[in-house]
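In what follows, a structure is listed as structure tokens, so that the remarks can point back to it.
Residue numbers count from 1 along this sequence.
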Amino acid sequence: MLPQIHDKYVASGKVEIVFLDLPLRMHPHAFNAAEAAGCAGEQSRFWEMYRRLFSNQRMLAPSQLRAHAEAIGLDLAAFDKCVAGGRQEAKIQEDVRVTQMLGIAGTPAFLVGRRVAGTDKVEVVEVVRGLPPVAELEKRIDALLAEPASPDGSKRP
């Protein structure tokens, strides 16, 4: 679904995708996978790592993450240092706090909202839980895009 949303909305500049980690406790390696993706993000390769980990969900043990980093061409010394140093832990914990505050307990979930003008904040208009058909998510995004701009001129979801 994300590639379709990206191609239609993000690539055209109409929409941004903001990713929040929610490593669920029932998945024993979810937190480590989130850290690995975040560390790949430090090398501007988050989405490549995300797609690779998502496609290899049975290979997420800490001892297997370095092979994924190597497969996508990361600087392994920098990746190892990031993972060993726990640099992504605070960001992941903050994401978990935000998702809990929004009442999200499972994945996937999509937050449809708009950027608050002049800030890095997003006003959440709707939480879509589960995996709706792409057409349904597009309908919700299109409805928000069709709303008139606010007095400060902001309209971008």
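Note that CG of L137 is 5.5 Å distant from CE of M1, once rounded to the nearest 0.5 Å. Atom CH2 of W47 sits about 5.5 Å away from atom CZ of F19, to the nearest 0.5 Å. Distance check, rounded to the nearest 0.5 Å: NE2 of H6 to CD1 of I17 gives 6.5 Å. H29 contributes atom NE2, which lies 8.0 Å from atom OG of S63 (distance to the nearest 0.5 angstrom). Rounding to the nearest 0.5 Å gives a distance of 4.0 Å between NZ of K8 and CD of E138. In this structure, the separation between SG on C82 and CD on Q43 is 8.5 Å, given to the nearest 0.5 Å.
Cluster annotation: L20 and V96 are assigned to the same hydrophobic cluster (Ile/Leu/Val/Met/Phe/Trp/Tyr, side-chain heavy-atom contacts under 4.5 Å, transitive). Hydrophobic clustering keeps L102 apart from L144 (ILVMFWY residues linked when any side-chain heavy atoms are closer than 4.5 Å, directly or through intermediates). In the hydrophobic cluster analysis, where Ile, Leu, Val, Met, Phe, Trp and Tyr join through side-chain heavy atoms closer than 4.5 angstrom, V124 is grouped together with L22. A single hydrophobic cluster is not seen to contain both V127 and V122; linkage of ILVMFWY side chains at heavy-atom distances under 4.5 Å, directly or through other members, places them apart. V15 and L111 fall into different hydrophobic clusters, where Ile, Leu, Val, Met, Phe, Trp and Tyr side chains are chained together by heavy-atom contacts under 4.5 Å.
Panel note: side chain D21, backbone P23; no donor-acceptor pair is recorded below 3.5 Å. Side chain of N56 to backbone of M59: no donor-acceptor contact under 3.5 angstrom is found. Q64 places a side-chain N or O within donor-acceptor distance of the main-chain N or O of L60, the cut-off being under 3.5 Å. Judged by distance alone, the side chain of R115 and the main-chain N or O of D120 form a donor-acceptor pair under 3.5 Å.
The two residues F46 and G38 make their nearest non-hydrogen contact at CD1-N, 4.3 Å. Annotation for M49 and A40: closest pair CB-CB, 3.5 Å, computed over non-hydrogen atoms. The nearest pair of heavy atoms linking A33 to L65 is N-CD1, 4.3 Å. The heavy-atom pair separating D7 from A11 by the smallest distance is O-CB, 3.9 Å. Scanning both residues, A109 and G106, for their nearest heavy atoms gives CB-O, 4.1 Å.
A salt bridge links R140 to E136: one of the charged nitrogens lies within less than 4.0 Å of a carboxylate oxygen. A salt bridge links R45 with E48: at least one charged nitrogen is closer than 4.0 Å to a carboxylate oxygen.
Sorted by first and then second residue, the salt bridge (Lys or Arg N to Asp or Glu O under 4.0 Å) pairs with a member in residues 53-62 form an empty list; sequence neighbours excluded.
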Problem set entry | Verdict with reasoning, F79 to D75, per side-chain contact (heavy atoms from CB on, under 4.5 Å) | CA-CA 6 Å; F79 177 80; D75 173 329; over 6 Å; no
For this session: Please assess F31 against E89 for the test side-chain contact (heavy atoms from CB on, under 4.5 Å), listing each intermediate value before the final yes or no.
Result: CA-CA 9 Å; F31 194 91; E89 188 173 340; 3.8 Å; yes
For this session: Would you sort out whether I5 and I141 count as a side-chain contact (heavy atoms from CB on, under 4.5 Å), showing the intermediate values?
Result: CA-CA 10 Å; I5 297 298; I141 293 170; 4.2 Å; yes
Exercise. Given the rule in the side-chain contact (heavy atoms from CB on, under 4.5 Å) test, do L74 and E70 qualify, once you have shown the distances and angles that lead to the verdict?
Worked result: CA-CA 6 Å; L74 293 182; E70 183 175 23; over 6 Å; no
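If you check the side chains of Q88 and E42, you find a donor sitting under 3.5 Å from an acceptor.
Put simply, the side chain of M101 reaches to within 4.5 Å of the side chain of R97, judged on heavy atoms.
A parallel orientation is assigned to the rings of Y50 and F54, their planes being inclined by less than 30° (bins at 30° and 60°).
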